[in-house]
Structures are given as C-alpha cells and as structure tokens.
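Following: one structure in structure tokens, then a few remarks.
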Amino acid sequence: GGGGGGAGLDLGSTRRSSPDSALHASRGSDVSTAGGDASKTVVYVEYFDQDTLRDFIYNRQKVNNGVLQAFDFPPGGRATAVRAQRLGSLTTIENRISKLHLANRRVPLVDRCATFDGSPNGSRLVELARNSSMRRAATRAVECLEAHLNALLPPQYRVHSFTAYLKPGEDGLLRFAFCPDLRLQRVGSDALVHPDEARPGTAQARDPQFSALCRLPPTYYRCPVCARVFKSTWRCEVSYATAIAHVHRVAQAAVADAEAAEAAGEPPPSPAHAPQPRTRRFLARVAPGLASGGEEEAAEADLTR
C-alpha cells in the first residue's frame, strides 16, 4: 500500500490537543475480484480522533501492513489532497478539497477528512492553473520521488508509473502521504513486473475497525449478539421476533463455521458470539415457532429494511 513521511506522532501532545484532532492510517488488505480468480490490493484509510486512536493503539490486533501518520491541519480548515499520476515524463495533477469544514462536528470525522478516498459528492475538484505554485510543487515532488525510487531499485529495474497522494500543511508545504499504485519495468524492454495485478489508484476511506473487546466511543455501539460495531445514529427499536431471528442467524453461522473446521481437520473457531448451551436450548424451543408462524420472514424484512 505504501507509506508516507508525515509528521512525527506524539500521543501525549495528541491528548492535550482538541478532542477532534485527526490522525489517519493507510492500511492495505487483499480482496478478491468479482471473478474470484485474481486479486487486487485495496488501500483503506481510517481517520482517528482521540478515542479511536486510543483503541487502535491499545486494543487493536495489528499486522504490519500499514503506516500511522499525523494529520496536518490544512489551509482554510478543509481537508485538501493532491493526486499526482506519473507516467514516463508525463505528470497529471489533480486537487480535491472537502466541502465540509473540519470543525463541523455534526457530521462524522471520516466525511470531514476524506477527499479522493471518500464520496465524490463530499469534495470538489479544484482546477489548478498551469503555473500555479501548488502544481509546480507537486510536479517537483513526484520527480524527486521517481528519482529516489530509481536510485533504490536494482539496476535491471526502473519506475514505469505510479500514483502519489500529497497533502498540504499549515506551512504551505506538500507532504507525501502514500502511493497505492507503483509499476516497475525491466530496463531495456517494455515488459512490466507483474502486469496482471490489478491495483486501483484510489484509496477508500472507511470507519475505524474496532477490536472485539474494548470500550467504544460514544458515537458507536456494539451489537450484544454478533459483536459488530455500528454508528449510534443507526440504533433503533426492533421487534422481539427480529431480535430472536438475529440470534438464530448468528448461532447458525457459528455452528456452520465449527462444522466446516471439523471437516477440514482444523481446530474449531471460538468467536465471542458462539452460542452457549443455554442459547442452543432456547433457540431449539423458539425458532420452530417463528418459522411456522411466518414471523421469521417478517423479522428478515425488518433486519434488511
């Protein structure tokens, strides 16, 4: 996924700053394509405030597939990002600015901080003049990045193309954030290294992925049945039949996972929401009545509404 050279992270100074001071992490994970026979790398970006950063540091089970960076407060108070696409000697520069001010706490943090990685309607594309200072600075930055990468590569390889994301700080300087798409080429030929790999050049912003056991920030809540985390604004009252149907579905999924692991000769999983014997006896008594009364279909419609 690539990492950036943001400012150093000081958790103590972060706690002393405003509660909504944002940080972000670029994290990569492998997902399958629609055909299921190839893979592509998707770079996810999570934006943290004080509470979600604490959960990430102390509770999240982490793997070494990302980088944690400080979020520089942008000029004008709106999130700004520059995307520079380099192909040979051709450089394409784009600039996006969020429509929401960072101080607007009536909307989620991810909606205020995302630009290219968020919804297209959440930010606006700003046309940069040919001789503008930001365009010249971004062009110089990608040229320096390309020269630096070529100096680090073995002599039989060179950079073919890449996409870099830069973010301006309060001092007006552009800082490299991450590079989701980097293509290498063999010297003396037009052959690309791993040409079949699909690498989207745009990252995707998402809500923080909380650990299974932790105290959540007040803007989130955890389902007591499946342990999934949702926004508090999504919480609503449901019928008794809907709650029982949800318990039944989670229990069936846990039993199916255990049976599949047993058939494969692997140790059975032990999720936090695995049905206990008391829950199994309750479902055996209640679930048939739900199915015969047609309330399970109504609960299913209630869950997907």
Side-chain angles (χ1 to χ4, degrees), residues 1-29 43-84 94-105 107-118 122-123 134 137-138 140-142 144-145 148 162-180 182 202-211 214 217 219-220:
L9 174 63
D10 182 4
L11 184 58
S13 62
T14 302
R15 283 197 293 265
R16 290 191 297 270
S17 61
S18 63
D20 226 14
S21 60
L23 292 98
H24 69 280
S26 308
R27 301 179 56 80
S29 61
V43 177
Y44 292 104
V45 181
E46 299 178 25
Y47 296 93
F48 301 140
D49 57 12
Q50 179 178 331
D51 293 330
T52 53
L53 175 65
R54 177 178 294 275
D55 174 73
F56 174 81
I57 293 177
Y58 296 110
N59 300 321
R60 178 88 69 89
Q61 183 178 359
K62 295 175 281 293
V63 292
N64 295 325
N65 67 344
V67 60
L68 185 65
Q69 299 173 312
F71 186 94
D72 289 332
F73 198 83
R78 299 178 188 271
T80 306
V82 176
R83 179 167 63 186
E94 296 176 289
N95 182 28
R96 272 195 174 273
I97 300 178
S98 175
K99 296 179 180 179
L100 302 172
H101 200 279
L102 287 176
N104 184 5
R105 301 191 182 185
V107 294
L109 181 64
V110 63
D111 295 337
R112 287 175 274 162
C113 297
T115 51
F116 288 98
D117 49 348
S123 60
M134 181 173 289
R140 288 195 302 268
V142 295
C144 292
L145 281 173
H148 181 66
F162 65 93
T163 302
Y165 287 84
L166 311 166
K167 296 197 174 185
E170 286 185 298
D171 53 5
L173 299 178
L174 285 177
R175 290 175 173 81
F176 172 60
F178 55 89
C179 174
L182 173 62
T202 304
Q204 296 181 13
R206 67 178 182 181
D207 290 324
Q209 307 298 299
F210 294 102
S211 56
C214 68
T219 53
Y220 296 88

Checklist line | Residues in side-chain hydrogen bond (donor to acceptor under 3.5 Å, both in side chains) contact with D117, at least two apart in sequence or another chain | finding: Y47

Note to self: My understanding is that only residues two or more places apart in sequence, or in another chain, count here; which of them pass ring pair (Phe, Tyr, Trp, His ring centres under 6.0 Å) with F116?
What the structure shows: Y165

Item checked: R112 side-chain N/O to V107 backbone N/O, donor-acceptor pair under 3.5 Å -> yes

Check: Under the side chain to side chain contact (heavy atoms under 4.5 Å, CB included) test, which residues partner P75, sequence neighbours left out?
Finding: P168

Item checked: From CG (L109) to CG (N104), nearest 0.5 Å -> 11.5 Å

Margin query: Is it the case that atom NE2 in H148 sees more than 12 heavy atoms from other parts of the structure closer than 6.0 Å?
Written below: no

Checklist line | Sequence-distant partners of S98, side-chain hydrogen bond (donor to acceptor under 3.5 Å, both in side chains), two or more places apart | finding: none

Checklist line | For P74 against F71, the heavy-atom pair lying closest together | finding: CD-CE2, 4.1 Å

Next item on the list: Mind checking salt bridge (charged side-chain N to carboxylate O under 4.0 Å, His left out) for R78 and listing every partner two or more places apart, or none if nothing turns up?
Entry: none

Checklist line | Which atom of A81 lies closest to which atom of K167, heavy atoms considered | finding: CB-CE, 4.3 Å

Notebook entry, point to check: Between E46 and R206, is any pair of side-chain heavy atoms under 4.5 Å apart?
Noted result: yes

Checklist line | Partners meeting side-chain hydrogen bond (donor to acceptor under 3.5 Å, both in side chains) with Q204 (sequence neighbours left out) | finding: none

Checklist line | Those residues that, when tested against T115, pass side-chain hydrogen bond (donor to acceptor under 3.5 Å, both in side chains) (two or more places apart) | finding: none

Next item on the list: Can you measure from OG1 (T80) to CE (M134) and round to the nearest 0.5 angstrom?
Entry: 6.5 Å

Notebook entry, point to check: Hey, mind stepping through F73 and L102 against side chain to side chain contact (heavy atoms under 4.5 Å, CB included) and telling me if it holds?
Noted result: CA-CA 9 Å; F73 198 83; L102 287 176; 3.8 Å; yes

Note to self: For a side chain to side chain contact (heavy atoms under 4.5 Å, CB included) check, start with the C-alpha distance between D72 and E170, then their side-chain angles and the critical distance, and finish with the verdict.
What the structure shows: CA-CA 7 Å; D72 289 332; E170 286 185 298; over 6 Å; no

